[in-house]
Structure formats: C-alpha cells, structure tokens
S.K.: 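Below is a structure I'd like to ask you about.
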Protein chains: 2
Amino acid sequence: MPQRGRPRGFDADEALERALEVFWRQGYEGASMSDLTAAMGINKPSLYAAFGSKEELFRKAVARYAEQDMEYARRAFAQPTAYEVVATLLRENVLAVTRPDRPAGCLSIQGGTACSSDNAAVAGFLATSRLAGELALADRFTRAVAEGDLPADADPAALARFVMSVTEGQAIHAAAGVAREALRQTAEIALAGFAAVSGARSPEQVARSV
Amino acid sequence: MPQRGRPRGFDADEALERALEVFWRQGYEGASMSDLTAAMGINKPSLYAAFGSKEELFRKAVARYAEQDMEYARRAFAQPTAYEVVATLLRENVLAVTRPDRPAGCLSIQGGTACSSDNAAVAGFLATSRLAGELALADRFTRAVAEGDLPADADPAALARFVMSVTEGQAIHAAAGVAREALRQTAEIALAGFAAVSGARSPEQVARSV
DNA sequence: CCTATTCTGTACCGAGCGGTATGCATCTGA
DNA sequence: TCAGATGCATACCGCTCGGTACAGAATAGG
C-alpha cells in the first residue's frame, strides 16, 4: 500500500544533495538547521519527517557522498596491479577534491575533525569511515603481494597508511584553495615515491622488463 | 606606571595554555565560551578583558601553538641538507601529533577546516598559516638547490607541497587515534619516497659516495 | 583615609540553536 | 463523498550561544 496521504512536495534525493553540499562547505557543526533548510528548499518539520535529525541527515549525506563522490576509489581498487591502484587513487583524488561544481576538499574531512563533546560521535564516525577505506586499501595491497606485483616483504598496512595520508593532505590543501594543477604535481611525486619505496612497478616498467 | 588598580587573579599565560588545549580538542566552533572559561578557571568578563573576544583568544592560542608546539619546524629548517630537513620535519611531526600529554593531531587542522559562514575567517586564517609554512619549506628547498644538495631540476614548491601533505595527513590520522609507531612507519616511507623522487641524499649516502 | 583605577563575580542581554506541537492542505481507499 | 493518513507551514519550545552591565573588591598614589 504505497503512497497514502498527501504526497511530499519535494524530491528527497535532491534535498539530500543540497544538504550534502552545505555540510561539505561548512562542516557538521558549522551547518545550522536554517542553513540546511534554506539550501534544501524545505521547512524544518519536513526535514525532520524525511531525515530524522541533523545527525541522521549528516550520516545519510556521508553515505551518499561515499557512493557518488568516492566512486573512484572502487574503480581504483579494481585496477590490476598495486601501482595502477595507487595511480588511479591519487590522480582521481586530485580531481575529486577540486571539482569546479562542488565544494573544495573532501566531505569526510571538512565534515569535522574536531567537535564539541556533544558531537564527538560525528567526528568519530568520520574518522572510522576513513580508516575503513584505508583498511580496504591495505587488503588490496595484501592481494597484490600474493599476486606478485608487490614484493613479499612489502608492508600493506603501512603503504596504505602512506597513500591515505597523502590523499588527506591533498584534501586539506584543496580546501585551502590550492589549484588542481598544483595537486596533480604532488600526486605524481607521491606516486613515484610509492613505486620507489614499495617496489611496485608501473605497466611501462613491466613491459620494458619482459 | 605599571600595576594600577586591582591585580589580576590568574596567570594569563597559563589560562591561554588551557584555552589552547580546548580549541585543539574541540575545534574553534566546537569550543564554547563555557568550555573555555571552565578550563581556564576564570569568568567570562576576565576572559574578555584579557583576550578581547573568542576569535582573538583563538588567534593568540594559535600563535602560542606555533611558537611552542611547532618549534621543531624551525629546528628542521636549520638542518644542513634538504634530506635532513625533511627527515627532521617528518619524524618530529609524528612525535608532535602524538604527544601523550597533549590532544592528538595538530591545532592548525583540528581548529577547523570548515566553518559556518560567520566564522569563515577562522578557517581561512588557519589555511593561510599552513600555506605560509609550506612556502618557507619551499624557500628552504630553493636554497638546497643552490647549495647542490638537491638537483638543479628539482621543483621546490612541489616537493614542499608533498611533504606538507604528508604531515597534514599524519595529523588527521593522529586525531583519529592512530598510534605513534604506525605513523612513524608512514614517515619513513614518505622520507624514502622523497629522497628517491627528489634526488636528495641522506648523510649516509653522501658519506659512502665520497 | 580617600580617590582613581583595575579586576572579579553575578546576573543578564538579544539572538540563534536543534527540535516540535498544531492546524490545515492534499492525497488514497472505500 | 468522506474517513484516514500523510505532508506542509507557522509559530513556538527550552536551551545555549557569544558578549556585556553593573556593583563590589582589591590595589596604587596622594
């Protein structure tokens, strides 16, 4: 029995999208309910009926962000070798944090790294999500060791931590207004450094060595 | 004519130190005046008389932080070669963001990367300070090129951006609770990567090549 | 001792916070 | 056509925010 009573007068997906951008630009605590409802084009009771509370709205925004703005991470993990995984991750990250049609930086950092004690859960939630991504990258590197495109003595967790540290630093830079082209240079340095330290070889190097 | 009227009943330096830690742990917007006065052990009128406003208090806290908690950066810049500059910077940064007697992470990030539009100046101020540090590092690398311990074709600005991105990522990790030992591994990877990409040589390499 | 000066504690300010009660509008199903 | 259900808009809730007025307390200089 779907659709009883008066139908809602707004698109919940579009409203969530607007909320996502407000959180991204102003952080969880910096985004007031007035800011949110104004951007979403709805009133507070509609927001609460549709999304539950400010914190639930935020978590849904983060989920949406992970799905659509971090899609490149899944694409990166699907690359055939560790080198290409990292290359894709670093290069796509640069694009993602400097999209002209989106706020600068990355929601999972801009959302809030430090919060009032009342909202400590929010900062913790974001930190946990980021570390989950890092764990997934470490797992991918473990597979790369098994498949031989990383040396047997490579440390997957440490390498993943290095790569994620760089992407986080890049996100901070982007939020500070650093240009895409500048971040691209940094990504190439990090990628070359990763290859040199880990022993991962680029497709070109592999081709040449055959 | 010093000391007219009733003398103040608290140590302004100690009070600023307490405020610094609150801002560090909770961020600018997450730190309420009540949180601050409670930690500082004074009442609001005393705070306003001594520090002006919440924002001025924050800026003074950041200045104090730069002076005492970022002292290692000046020590790093004074190292004789680019390699040692970076080695000191990365290793000391790991210690600084994981001091057991201090909040985790780095005030210039925890203070706030995103703010409500009212407080946009605060996030901008922090971003500017961080980029100023990066510029100083780039200058140090330029000197290193002139002195020959970086190759002539090295890009000082890009290398500085890479190093700062890593330290910022490490600070984010530390704030998320990642252990000092784990960050130390990351720093060594970044250092080795920096050396490999930039052509900077460690003192040991230099000694061996003579 | 008195006055001028400065600091301290209390009590308060208007504004905005996150969240909600209520009454009306709009839909479906019978 | 009307009952039940749902969404919408307004107006409001208690609370906390950053900031301050004011009166009393403590000092120095005279």
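Note that this is a predicted model, so its numbers are computed, not measured. Chain naming here is simple, since letters A, B, ... match the order of the sequence lines and numbering starts at 1 in each.
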S.K.: When we call it a touch if two heavy atoms are under 4.0 Å apart, what does A31(A) touch: a base, just sugar-phosphate, or nothing?
M.R.: sugar-phosphate
S.K.: Can you tell me how far P of dC17(C) sits from CG of N119(B), to the nearest Å?
M.R.: 12 Å
S.K.: How long is the line joining CE of M33(A) and P of dT16(D), in whole Å?
M.R.: 18 Å
S.K.: What is the distance, rounded to the nearest whole Å, between atom CG of L47(B) and atom P of dC7(C)?
M.R.: 13 Å
S.K.: From the options dG19(C), dA9(D), dC8(D), select the nucleotide whose nearest atom is closest to the side chain of P45(A).
M.R.: dA9(D)
S.K.: Grab the CZ-C1' distance between F58(A) and dG18(C) for me, whole Å please.
M.R.: 16 Å
S.K.: Would you call the rings of F58(A) and F125(A) parallel, tilted or perpendicular, where under 30° means parallel and over 60° means perpendicular?
M.R.: perpendicular
S.K.: Centre-to-centre under 6.0 Å for F194(A) and F141(A), is that the case here?
M.R.: yes
S.K.: Taking only N and O in the side chain of N43(B), is any of them less than 4.0 Å away from OP1 or OP2 of dG9(C)?
M.R.: yes
S.K.: Is there a salt bridge (charged side-chain N to carboxylate O under 4.0 Å, His left out) between E21(B) and R25(B) once you walk through the steps?
M.R.: CA-CA 6 Å; E21(B) 296 202 355; R25(B) 238 183 294 270; 3.3 Å; yes
S.K.: Of the candidate nucleotides dT20(C), dA25(C), dT20(D), which contains the atom at the shortest distance from the side chain of R6(A)?
M.R.: dA25(C)
S.K.: Grab the CD-C1' distance between E29(B) and dT16(D) for me, whole Å please.
M.R.: 15 Å
S.K.: What is the separation between atom CZ on R8(A) and atom C1' on dC8(D), rounded to the nearest whole Å?
M.R.: 12 Å
S.K.: So which nucleotide from dT10(C), dC17(C), dC17(D) ends up closest to the side chain of S34(A)?
M.R.: dC17(C)
S.K.: DNA chain C: G9(B) or K44(B), which has the more 5' nearest nucleotide?
M.R.: G9(B)
S.K.: Could you give me the CA-CA distance, side-chain angles and deciding distance for R130(B) and E134(B), then say whether salt bridge (charged side-chain N to carboxylate O under 4.0 Å, His left out) is met?
M.R.: CA-CA 6 Å; R130(B) 289 193 304 266; E134(B) 183 170 312; over 6 Å; no
S.K.: Using a heavy-atom cut-off of under 4.0 Å over every strand shown, decide if P7(A) touches base, sugar-phosphate, or nothing.
M.R.: sugar-phosphate
S.K.: Could you give the distance from CG (N93(A)) to CD (Q170(A)), rounded to the nearest 0.5 Å?
M.R.: 6.5 Å
S.K.: At less than 3.5 Å, do the side-chain atoms of R4(B) and the base atoms of dA28(D) form a donor-acceptor pair?
M.R.: no
S.K.: Measure up the F23(B) and Y28(B) rings against each other and bin them: parallel (under 30°), tilted (30 to 60°), perpendicular (over 60°).
M.R.: parallel
S.K.: F51(A) has an atom CZ; how far is it from atom P of dG7(D), in whole Å?
M.R.: 12 Å
S.K.: OP1 or OP2 of dG16(C) less than 4.0 angstrom from a side-chain nitrogen or oxygen of S32(A), does that happen here?
M.R.: no
S.K.: Establish whether the base of dG18(C) is bridged to the side chain of K54(A) by a donor-acceptor pair shorter than 3.5 Å.
M.R.: no
S.K.: Look at S46(A) and dG7(D) and indicate whether a side-chain polar atom (N or O) is within less than 4.0 Å of OP1 or OP2.
M.R.: no
S.K.: Which sits closer to the 5' end of DNA chain D, G5(B) or Y48(B), going by the nucleotide each is nearest to?
M.R.: Y48(B)
S.K.: Within less than 4.0 Å of OP1 or OP2 of dG18(D), is there a side-chain N or O belonging to S53(B)?
M.R.: no
S.K.: Starting at CD of E55(B) and ending at C1' of dG18(D), how long is that distance when rounded to a whole Å?
M.R.: 12 Å
